[in-house]
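As a basis for the values below, the full set of heavy atoms in this structure was taken, side chains included, without hydrogen atoms, waters or symmetry mates. Chain A is the first sequence line, chain B the second, and so forth, proteins listed ahead of strands; every chain is numbered from 1.
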Amino acid sequence: MKTNPELFSWEMLENGGKTRWDGVRNYQARNNLREMKPGDLAFMYHHGPEPGVVGIMKIVSESYDDPTSSEGNWSVVDVEPIKKFERPVSLDEIRYTPVICILPLVNQPKLSVMPVSQDQWDLMLKIGKTSI
DNA sequence: GCCAACGTTGGC
DNA sequence: GCCAACGTTGGC
């Protein structure tokens, strides 16, 4: 799940606890949100000057209507911080590592919420020297 | 500022 | 339904 750290960073999530992941305005990303179930885990990705995966979140709600949208058919989920990466996994590392380099993160700038396979998940944790 | 990717819009 | 034009995201 991508975020602009100037607007909403890992630190803000840790300080604030449970947070509504709102503002998604892309149908494919929305559909990915709707696939999520309470208890699912997700990566937080910071875009900007130092793009990379910075931490692990837990989905703590079913998807529900986005209260920040007055029109349209948009969804949100609630998330909680679980663990910050021991070291962030940079976009370059993702790009040049087989298995995770095929994530849409690398070449689909408009998709802000995307699925991660078990293999990709495990490898990301390994590169980030992090376990849950 | 430029560019790749790709979603959306609207003419036909 | 097709496709050109345009807009948005986000890396660089």
More than 12 heavy atoms from other groups under 6.0 Å of NZ on A/Lys83: yes
Interatomic distance where CG belongs to A/Leu103 and P belongs to C/dG11 [whole Å]: 14 Å
Check this one for me: any side-chain N or O of A/Tyr45 less than 4.0 Å away from OP1 or OP2 of C/dG11? yes
Among B/dG7, C/dG10, C/dG11, find the nucleotide with the atom closest to the side chain of A/Asn26. B/dG7
Over how many whole Å does the gap from A/Asn32 atom CG to B/dG7 atom P extend? 12 Å
Counting only side-chain heavy atoms from C-beta out, which of C/dG10, C/dG11, B/dG7 sits nearest to A/Lys2? C/dG10
Answer with base, sugar-phosphate or nothing: what part of the nucleic acid does A/Leu91 contact at a heavy-atom distance below 4.0 Å? sugar-phosphate
What's the shortest heavy-atom distance between A/Leu123 and A/Pro98, and which atoms? CD2-O, 3.6 Å
Spacing of A/Asn4 atom CG relative to C/dG11 atom P, expressed in whole Å: 9 Å
Atom-to-atom span, CD of A/Glu50 to P of C/dG11 - whole angstrom: 12 Å
When every non-hydrogen atom of A/Trp74 is compared with those of A/Ser69, the smallest separation belongs to CD1-OG, 3.5 Å
Examine B/dC6: is either OP1 or OP2 under 4.0 Å from a nitrogen or oxygen in the side chain of A/Gln108? Give yes or no. yes
Ranking C/dG11, B/dA5, B/dT8 by distance to the side chain of A/Tyr27, first place goes to B/dT8
Separation of B/dT8 C1' from A/Asn73 CG (nearest whole Å): 17 Å
Nearest whole Å is fine: how far is B/dA4 P from A/Asn107 CG? 13 Å
For A/Met114 and B/dC6, what is the distance between atoms CE and P respectively, to the nearest whole Å? 12 Å
For A/Glu11, I'd like to know if atom CD has over 12 heavy atoms of other residues, nucleotides or ligands within 6.0 Å. yes
Send over the distance from A/Arg95 CZ to C/dG10 P, rounded to a whole Å. 14 Å
Indicate the atoms forming the closest heavy-atom contact of A/Val24 with A/Arg30, along with that distance. CG1-N, 3.8 Å
